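The block underneath contains the structure these notes are about, expressed in structure tokens.
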Amino acid sequence: LRATSRPQQAARGTPARAVFIRHTSAMPGMRSRACAAAALASCVRAAAAAADCPATAGEGLEEDASALLQVRVARGRADDLSDDFSSLCAPGPGEEREISGLLDGVLDGVWSEPLEAAWADYQASSLKHLEEAKPAPARKLRILMAVPVSNGMLDIVTYNMKKLSNNKAGDVFKLALFHYHDEEGHHLPPMNADLAPHVVYRHAGPGCKVDFWRHLAPDMVAGFDYLWSSDGDVRTDYFSWDFYRYHLLTMGPLVSQPSIIGWTAKTRSSDHPRLWANYSSSTSWEIDMVEMQTPLISTKIWPAIFTRAETVNSTSAWAIEGIWNRIAHTAKQLGCSEVALLVVNTPMRHANCFDLGNGANKCVRKYLQEDCFAISPTEADLLVRELGGACAAARDPLAWQGRKVCADA
């Protein structure tokens with residue numbers, strides 16, 4: 001652990017020097033980064049004293065460090081749940097084990113009620129510091145979640161909606177559900193009382209993600225600020241909407257997503273390492289691409305994305321992922337957005353059911369060349385209409401038209 005101090009431009013009545021914890025990476029002889037984190041609580045006061053700070057200078061950090069370190073959790077031994085719908089959402093039988101750091105437990109996909117509560121407290125403390133430094137605009141948001149589900153995933157969706165709806169800002173969450181293991185026109189499965197008030201649309205029948213997105217016409221989505229297209233096998237155990245919305249309101253990304261952890265230490269989280277939750281001190285970071293697992297998309301750009309969805313071969317969603325990434329990058333290049341694509345480091349927990357391509361759902365995981373045409377004149381006109389009012393540089397269709405969509409095609 002390295003603690004450094006440096007002179008600061010001090011406001012009247014504040015110390016002239018401040019302590020900065022620069023790294024919590026593993027040093028020679030340490031078994032993990034958690035060992036480095038374990039040094040934090042005992043280090044803070046000594047570093048503060050060395051910098052001639054007041055005796056109280058390290059108190060907040062020390063309390064946060066203690067929250068990271070003083071946690072006992074039940075570590076599950078559950079196997080990868082990729083084909084086990086019956087056990088989805090249920091922690092496996094656990095053994096009591098000391099977790100040397102809260103981050104170690106979370107990043108390993110460990111779950112217990114004490115760990116979830118400790119992590120929630122830690123994120124709330126982090127959010128408090130962010131808001132003190134830069135308050136977010138006061139605004140209530142409306143979110144439409146579009147979720148493809150097997151019937152065994154409805155408990156996950158119920159859990160998510162209950163947690164998301166219990167947000168401090170009074171943001172509203174509604175649901176569009178796509179039951180992909182049922183036959184077309186099949187009688188919809190019963191809806192539990194907790195979930196029913198949130199549901200605004202349901203469809204039963206096989207299909208791939210593009211088939212489901214085609215149900216989300218722009219006039220249906222227009223009453224919402226964001227469309228959250230989330231897989232049915234990701235759960236909000238460690239996700240904080242209050243923390244996430246702060247970044248939406250202060251940074252304004254057109255496309256963003258939470259960081260990802262696996263259901264267990266052995267479970268696939270995301271195929272893209274830059275989307276993984278990590279030890280970084282950053283609460284968010286820009287990324288080259290946001291994948292289709294759980295993206296949050298501004299409804300301003302949904303009409304252009306929907307137009308592409310109506311055009312492509314529905315067995316592959318890769319070109320749709322490509323167009324929302326290209327739109328976000330272009331918006332930043334034009335000066336219409338502060339960031340292009342954002343990952344917020346409050347993780348969703350992925351069970352990796354990996355079953356959407358099974359049975360009657362003939363989905364493929366690759367670019368289809370015929371879907372990879374550049375942004376069309378129609379798509380460009382829709383982007384001008386939706387974004388041009390607030391950004392002069394977006395008002396020229398040629399600023400959008402012809403932009404490449406598929407990264408590798």
Side-chain angles (χ1 to χ4, degrees), residues 120 123 127 136-149 153-154 156-178 191 194-203 209 212-213 215-260 284 290-306 309 320-321 324 327-328 337 339 341-350 386-387:
Q123 288 191 112
L127 177 59
R139 178 185 169 196
K140 289 188 177 181
L141 300 174
R142 288 178 53 82
I143 316 298
L144 177 61
M145 293 193 75
V147 187
V149 291
M153 296 174 184
L154 288 175
I156 283 185
V157 180
T158 302
Y159 175 91
N160 290 348
M161 291 305 296
K162 182 177 180 180
K163 185 170 182 179
L164 292 169
S165 297
N166 189 31
N167 65 83
K168 293 180 179 179
D171 294 342
V172 174
F173 289 84
K174 295 297 181 181
L175 264 176
L177 292 176
F178 303 95
M191 186 58 55
D194 291 328
L195 206 54
H198 301 285
V199 176
V200 296
Y201 185 84
R202 295 174 76 193
H203 172 78
K209 289 188 177 183
F212 307 143
W213 291 333
H215 289 262
L216 303 174
D219 57 353
M220 174 183 174
V221 173
F224 297 90
D225 298 291
Y226 294 94
L227 173 64
W228 192 351
S229 178
S230 187
D231 288 356
D233 62 350
V234 291
R235 203 167 80 169
T236 56
D237 297 289
Y238 299 121
F239 177 82
S240 166
W241 174 253
D242 295 324
F243 189 84
Y244 196 98
R245 76 183 304 277
Y246 172 85
H247 293 80
L248 289 178
L249 292 174
T250 57
M251 302 180 78
L254 292 174
V255 184
S256 62
Q257 72 160 81
S259 58
I260 305 296
S284 64
V290 163
E291 68 170 336
M292 66 187 76
Q293 185 182 77
T294 182
L296 205 81
I297 302 167
S298 170
T299 54
K300 294 178 182 178
I301 64 173
W302 183 249
I305 297 169
F306 181 80
I320 307 302
E321 179 184 280
W324 71 52
I327 290 170
S337 179
V339 295
L341 299 148
L342 192 70
V343 177
V344 182
N345 204 16
T346 179
M348 298 283 273
R349 190 165 168 240
H350 183 213
E386 298 296 333
L387 299 177

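Everything numeric here is computed off the predicted structure, so don't read it as measured data.
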Sub-4.5 Å side-chain heavy-atom contact between [X] and [Y]:
X	Y	answer
S298	E386	no
S284	Y246	no
I260	T294	yes
L177	M191	yes
L164	F239	yes
L216	F178	yes
Q123	L127	no
L248	L296	yes

Ring centres under 6.0 Å, that's the criterion: do W241 and Y226 meet it?
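Between Y226 and W241, which both carry aromatic rings, the centre distance is not below 6.0 Å.
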State whether the side chain of W324 and the backbone N or O of I301 hold a donor-acceptor pair below 3.5 Å, judged by distance alone.
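Not a single qualifying donor-acceptor pair exists.
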Regarding D237 and K163, does a basic nitrogen lie under 4.0 Å from an acidic carboxylate oxygen?
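Salt bridge between D237 and K163, a charged N being under 4.0 Å from a carboxylate O: no.
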With a 4.0 Å cut-off, would you call D171 and R245 a salt bridge?
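Salt bridge between D171 and R245, a charged N being under 4.0 Å from a carboxylate O: yes.
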